[in-house]
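Below is one structure, written out as structure tokens; the observations come after it.
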Amino acid sequence: MLVLGIETSCDETGVALYDKCEGLLAHTLHSQIPTHSKYGGVVPELASRDHIRFLIPILNETLKQANRQTKDLNAIAYTAGPGLIGALLTGATFAKSLSFALRIPSIAINHLEAHLLAAKLDCKNLDFPFLVLLVSGGHTQLIKAISLNNYEILGETVDDAAGEAFDKTAKLLGIKYPGGPLLAKLADNCDKSSLAPFPRPMLKSGNLDFSFSGLKTHALTVWQKNKHDENMRNQIAKSFQDAVVDTLTQKCKKALNITGFKKLVIAGGVGANLNLRNSLKNLMHDLHGEIFFPKIEFCTDNGAMVAYTGFLKLEQGLKDSNYQINVKARWPFNEN
Ligand code: KG4
Ligand code: ZN
């Protein structure tokens with residue numbers, strides 16, 4: 001079975017081909033950073049237009065890389081939410097039209113579930129159940145993954161997501177879009193911050209929820225007092241990153257303790273953060289457990305995770321029941 005995956009939930013156009021026997025055959029990503037950077041963030045209408053412009057060339061490029069043609073496809077998986085509604089509509093309409101033209105099934109994929117399963121792309125020995133730390137631009141959640149289609153949210157952010165906090169803090173420090181990864185780079189320029197440690201929000205909350213919006217305000221206050229100091233940006237970036245990484249690590253430890261799980265999976269864009277990866281590796285080493293990460297390129301948005309999630313669901317006999325185009329800006333992944 002050869003599955004085409006299409007991702008257009010935000011500002012990356014991703015297309016991939018996953019084959020039952022040969023695994024991931026090819027994947028292509030078109031990043032819209034140049035389109036949005038002059039506005040300091042994603043402009044939804046421009047994102048939709050870019051997806052429309054690039055979907056066909058990227059599909060052709062991916063087919064070429066894999067030495068396949070559209071007639072070889074057996075099914076099409078596409079992100080149907082959550083995300084920007086216009087952006088989602090471009091991918092869903094494209095996928096549904098192609099599925100109609102080729103007379104092959106399509107399947108709507110939840111973007112968060114695709115992130116959650118991305119680590120399995122390269123770790124086929126990763127079996128359910130496991131604990132997932134999902135840290136993206138829109139979500140920060142601890143999830144009990146019991147089986148495919150069966151997930152329980154144990155805790156989540158009550159305000160900003162971890163990625164959002166990285167992005168907003170970067171903006172406050174005058175770092176250009178996309179701020180999160182650039183802020184992480186600045187943090188890595190600083191071995192040790194001389195600032196007083198930043199707060200670790202909600203560590204004593206007694207639950208598995210998170211809160212990151214206060215950290216960003218804390219960073220702003222320190223920045224306003226020390227703007228004259230050239231080295232201060234790196235130090236704030238380092239203190240901020242340390243606080244986020246430590247908070248996420250402590251909450252994972254607690255969740256592992258509560259669930260008794262010995263396997264931890266990292267998902268979502270912030271999972272590309274090397275400090276976070278190292279901290280969680282050390283935690284699992286100390287706990288004699290196992291840790292699974294997607295490759296860095298599959299932490300952030302991509303078509304491969306969509307094609308693969310589609311493949312797993314199609315194998316279970318799931319598929320769209322009609323040609324209606326339904327996308328959802330909000331879609332908790334444990335709801336149908
Ligand atoms: O999963 P993703 O690509 O998109 C969403 O589904 O949201 O995540 C994007 C988020 C952004 O907030 C970005 O700043 C953050 O992931 N991110 C990082 C790093 N790379 C991406 N945050 C911290 N360190 C990084 N290296
Ligand atoms: Zn994402």
Side-chain angles (χ1 to χ4, degrees), residues 5-14 29-33 36-37 40-42 44 47 78-84 87-88 91 109-119 132-141 156-157 160-173 175-189 210 212-213 215-216 219 237-238 240-249 265-280 293-306 308-309 328-333:
I6 295 175
E7 158 62 34
T8 62
S9 66
C10 190
D11 57 346
E12 319 265 11
T13 320
L29 194 72
H30 167 72
S31 161
Q32 300 184 353
I33 291 174
H36 302 289
S37 59
V42 179
Y78 61 96
T79 301
L84 301 171
L88 289 166
I109 299 297
N110 183 307
H111 180 80
L112 303 176
E113 189 177 7
H115 269 306
L116 192 150
L117 296 170
V132 184
L133 173 68
L134 172 65
V135 269
S136 69
H139 293 80
T140 298
Q141 293 178 329
E156 59 192 328
T157 182
D160 290 350
E164 189 179 3
F166 263 91
D167 295 334
K168 287 180 174 172
T169 304
K171 207 166 186 176
L172 294 173
L173 297 181
I175 299 165
K176 63 180 196 303
Y177 163 89
L182 293 176
L183 186 75
K185 269 199 185 136
L186 287 193
D188 293 341
N189 288 341
F210 306 86
F212 292 111
S213 71
L215 257 184
K216 154 196 86 192
K238 172 76 176 147
F240 169 85
Q241 179 172 271
D242 283 352
V244 174
V245 167
D246 191 29
T247 306
L248 292 171
T249 306
V265 171
I266 313 307
V270 185
N273 187 287
L274 295 179
N275 264 267
L276 179 64
R277 291 168 89 97
N278 283 335
S279 173
L280 293 172
F293 301 104
K295 276 188 192 158
I296 298 272
E297 61 187 316
F298 298 142
C299 283
T300 43
D301 294 347
N302 64 86
M305 65 183 190
V306 179
Y308 179 62
T309 305
K328 303 178 198 176
R330 290 178 59 79
W331 185 8
F333 67 90

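Counting starts at 1 for both ligands and their atoms, following the listed order. Since the model is a prediction, treat every value here as computed from it, not as a measurement.
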- [ ] Using side-chain hydrogen bond (donor to acceptor under 3.5 Å, both in side chains) as the criterion, list what pairs up with Asp301, not counting sequence neighbours.
- [x]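 Partners of Asp301 by the side-chain hydrogen bond (donor to acceptor under 3.5 Å, both in side chains) criterion, ordered by chain and then number, come out as His111, His115.
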Restricting to side-chain hydrogen bond (donor to acceptor under 3.5 Å, both in side chains), what partner residues turn up for Thr79, sequence neighbours left out?
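With sequence neighbours excluded, Thr79 shows a side-chain hydrogen bond (donor to acceptor under 3.5 Å, both in side chains) to Glu7, given in chain and number order.
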Against ligand 1, does Pro181 come closer than 4.0 Å with any heavy atom?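 Per 4.0 Å heavy-atom rule, Pro181 contacts ligand 1.
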**Report entry** Contact with ligand 1 for Pro178, non-hydrogen, under 4.0 angstrom
**Finding:**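 It does not; every heavy atom stays at 4.0 Å or beyond.
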Query raised in the report: What are the protein N/O/S atoms, named by residue and atom, that sit under 2.8 Å from the Zn ion (ligand 2)?
Result: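 Listed by chain and number, the atoms are His111 NE2, His115 NE2, Asp301 OD1.
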Next item on the list: Taking only heavy atoms of Gly180 into account, list the atoms of ligand 1 that are under 4.0 Å away from them.
Entry: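 Once the distances to Gly180 are compared, the set is 14 (O).
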Mode of [X] contact toward ligand 1 - side chain, backbone, both, neither (heavy atoms, under 4.0 Å):
| X | result |
| --- | --- |
| His111 | side chain |
| His139 | neither |
| Asp167 | side chain |

Evaluate the criterion salt bridge (Lys or Arg N to Asp or Glu O under 4.0 Å) for residue pair Asp167 and Lys171; output intermediate values, then yes/no.
-> CA-CA 6 Å; Asp167 295 334; Lys171 207 166 186 176; over 6 Å; no
With sequence neighbours left out, write down each residue that passes side chain to side chain contact (heavy atoms under 4.5 Å, CB included) with Pro332, or none if nothing qualifies.
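Side chain to side chain contact (heavy atoms under 4.5 Å, CB included) check on Pro332 returns Asn334, Glu335.
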| request: List the closest protein heavy-atom neighbour of atom 2 (P) of ligand 1: residue, atom name, distance to the nearest 0.1 Å. | output: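 It is Asp301 OD1, 3.4 Å.
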